[in-house]
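Residue numbering restarts at 1 for every chain, and letters A, B, ... go by the order of the sequence lines. On a predicted model such as this, the values are computed, not experimentally measured, just so you know.
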2 protein chains.
Amino acid sequence: MTKTIRLKDVAEAAGVSHGTASNVFNRPELVRDEVRERVREAARALGYAGPSPAGRLLRSGKVNAIGFAADQPLDYLFRDPWARRILTEVAEVCDARGAGLALVSVTEEHPTGWNIESALVDGFLLSGSGRKFLVEMTQRRGLPFVSLSLDTRDTDVPAVCIDDFGGAQAAARHLLELGHRRFAVLGFALGDGPGRVTPREVQATRSMNVLERARGYWAALAEAGIPEAEVPVHAIGRNGGNVGEALALLFADRATAPTAILAMADRLALAAMAWLEGQGLRVPQDVSVVGFDGVPEAASSTPPLTTMEQPYRRIAERSVAAILDDAMPEGREVLPLDLVLRASTGPAPS
Amino acid sequence: MTKTIRLKDVAEAAGVSHGTASNVFNRPELVRDEVRERVREAARALGYAGPSPAGRLLRSGKVNAIGFAADQPLDYLFRDPWARRILTEVAEVCDARGAGLALVSVTEEHPTGWNIESALVDGFLLSGSGRKFLVEMTQRRGLPFVSLSLDTRDTDVPAVCIDDFGGAQAAARHLLELGHRRFAVLGFALGDGPGRVTPREVQATRSMNVLERARGYWAALAEAGIPEAEVPVHAIGRNGGNVGEALALLFADRATAPTAILAMADRLALAAMAWLEGQGLRVPQDVSVVGFDGVPEAASSTPPLTTMEQPYRRIAERSVAAILDDAMPEGREVLPLDLVLRASTGPAPS
DNA sequence: CCCACCGTTTGAACCGATTCAAAAAAAGTC
DNA sequence: GACTTTTTTTGAATCGGTTCAAACGGTGGG
């Protein structure tokens, strides 16, 4: 293999100093026209492709790239709808800024290889930092990082997250305005199996997202005079489970069944609509459903789902800026959600 | 901001030489236990997180990461089904090897920023190198690269691609074995609008994929005594278009209508099945359909689509190995496709 | 007691660039 | 022509490591 051409070689060939050659590529306006051309010519003749990123990096310390890290295998980033959605936005934002994007996976079983410790990036976006593992790993590296989807009570970790409480509140208010009075909440990561869970169980969940959303729903309903106790929370269970089973209990007695379902995730809402359709219940004439997250599928379901959409773009912009512009959020930064009105909600049946 | 801790600082603190400190992290077996512990202790005390990747990179020249480049905006990699599918496999392969994955976008309009020239990677995987642009850009950088989805007659470019001809042949043979005699081919990137195109037009296409697939179909059918002229090729037109329109012409006369459709892409096949269902034609009882590509949706359509599946995993493995193990393919390397039998093909109607 | 050998450690060279104070050259001024 | 200014160019320091030949200290054999 032929020796690589270095800037020095080009400089020698052109009969100028190392420093001048560097200027030709980085601040051409400093170099006299004639010299600049001579250096360029030499570079061409030698097949020099421009300063190597590695050398530049070492000196400047800036990579101009961000790392997107997840505590999951890499392919997860392409399979999981939320990760994919946010990553798409992050990609667009990086693109617009001319920054690079590297994907990083860190699993506890497989902590070696290219990971948080060795990735050539200026900082990290952390996805799925439910467990402290990822955060601790990243802190050790000493690069700036922002946690997306932070799910902890710890408010010291720099994070860009969504206003679960406010979003849930808005969802409930929307249904209240439509005249609904009999609600049910559909949650996840609660209880052991499908079925109703008590407010106490909700309070005890380790998932801040779930807790805040529940509290948001309760708060809005309480304002309208509907106490927590009258709002059944049904969940699919911590280890997944069937939405149908959870709903079957809810709709066992049609007379007291809810007219409005507050789903803590679009996935749940979509499953609920499918189940309702199977039961001959019409959405939104008989039951209104509002989701949470704003996944792409929500726009194309039948009927299209009314949902609280996460501000994906703004999350991406804010967190990328945090790393690249050194504009780290002070602790947790909360972004509002948008209520997207579609066809799955309507006036309460009379 | 506090000064960063360098390996040198640790070495000094531990009272050893720079070189020994380096060995502690990279070849600990060379260092005496007592000294090793002393250095580790000093590192801990100073908050040193281990050798910085930047320095290491400069010396060793290896990044241990591959760049996935497309001549499209970055988000394309998450939106386009083919790109996403192959990227998922590439991600898994990289993960398994402990290698990094960086995403790179190079568009002619937006050639600045982090791109082929500046990405810190060991080599590139090129997606969508239909136009020479991407290839030329990459060649200039001087790093190894492999073109995926190469679509050119130029056989010098290192590439890992699929056996379009053989795949098409296998698809046609499958239908022949089921007794079909009246075929139609459904293509894309042919002609100006939806409708039939002549063999001459097919020969003239710039897309090697399309041409090779067509030739594969023709070759298999010719073996069974069905000449090119009896196989109508319908296409949706170069600028997209409606599959229904193309099919409507084909099925105008039910007596001479094909009993088997060879679609050059699953997308076309799925659209065709939807149209056929709309027309009251049953798949596969009335018409058999076989796709090409093996996109995930093909497995869950109704009926599930029989298709020639691309060997995504092998493409990923082969191309990643090419870069990281310096096992570049000699010119173009062709991988076979798998016929995946599902429910969209059946015996020819009698 | 000398020497060869082995396991450790050192020190300097090198990787490929950027940066900046200072020197050199060119251009103005009087 | 001598003196300022301004524009270019130079050369050395620096970034944070890795690597390797050589030096070193200790051991065992003869």
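- You'll find the side chain of B:Ile116 reaches within 4.5 Å of the side chain of B:Leu134, heavy atoms only.
- Every residue was checked against the salt bridge (Lys or Arg N to Asp or Glu O under 4.0 Å) condition with B:Asp80, not counting sequence neighbours, and none meets it.
- Shown here are the side chain to side chain contact (heavy atoms under 4.5 Å, CB included) partners of A:Asp163, two or more places apart in sequence or in another chain: A:Phe165, A:Val334, A:Leu337.
- Every residue two or more places apart in sequence or in another chain that forms a salt bridge (Lys or Arg N to Asp or Glu O under 4.0 Å) with A:Asp325 is listed here: A:Arg97.
- The distance between atom CD1 of B:Ile5 and atom C1' of D:dG16, rounded to the nearest whole Å, is 13 Å.
- Rounded to an integer number of Å, the gap from B:Leu58 CG to D:dG17 P is 12 Å.
- Sorted by first then second residue, the ring pair (Phe, Tyr, Trp, His ring centres under 6.0 Å) pairs that include residues 45-71 of chain B, not counting sequence neighbours, are B:Phe25-B:Tyr48.
- By the side chain to side chain contact (heavy atoms under 4.5 Å, CB included) test, B:Glu41 is found to be paired with B:Arg44, residues two or more places apart in sequence or in another chain being considered.
- Between the CG atom of B:Leu57 and the P atom of D:dG17 there is a distance of 12 Å, given to the nearest Å.
- Residue contacts for B:Tyr48: at a heavy-atom cut-off of 4.0 Å it reaches the sugar-phosphate backbone alone, with no base atom in range.
- Between A:Glu29 and A:Arg36, no side-chain nitrogen of the basic residue sits less than 4.0 Å from a carboxylate oxygen of the acidic one, so the salt-bridge criterion is not met.
- Residues meeting the ring-ring contact (aromatic ring centres under 6.0 Å, His included) test with B:Phe78, sequence neighbours left out: A:Phe78.
- Remark: P of D:dT19 and NZ of B:Lys62 are 14 Å apart, rounded to the nearest angstrom.
- Nucleic acid contact class of A:Arg36 (heavy atoms, under 4.0 Å, all strands): none.
- For residues 314-334 of chain A, there are no ring pair (Phe, Tyr, Trp, His ring centres under 6.0 Å) pairs, not counting sequence neighbours.
- Heavy atoms of A:Ser60 sit nowhere under 4.0 angstrom from any nucleic acid atom.
- Look at CG on B:Asn26: it is 17 Å from P on D:dG16, rounded to the nearest Å.
- Rounded to 10 degrees, the angle between the two end axes of the helix from C:dC1-D:dG30 to C:dC30-D:dG1 is 50°, with five pairs used at each end.
- Listed by chain and residue number, nothing satisfies the salt bridge (Lys or Arg N to Asp or Glu O under 4.0 Å) test with A:Arg56 (two or more places apart in sequence, or in another chain).
- The salt bridge (Lys or Arg N to Asp or Glu O under 4.0 Å) check on B:Arg32 picks up B:Glu34, with sequence neighbours excluded.
- Interface limits on DNA chain C: the 5'-most and 3'-most nucleotides within less than 4.0 Å of chain A heavy atoms are C:dG16 to C:dT19.
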Study note, to complete from the structure: Per-nt protein contacts along nucleotides 5-14 of chain D (heavy atom under 4.0 Å; B base, S backbone sugar-phosphate only, - none) come out as ---SSBB-BB
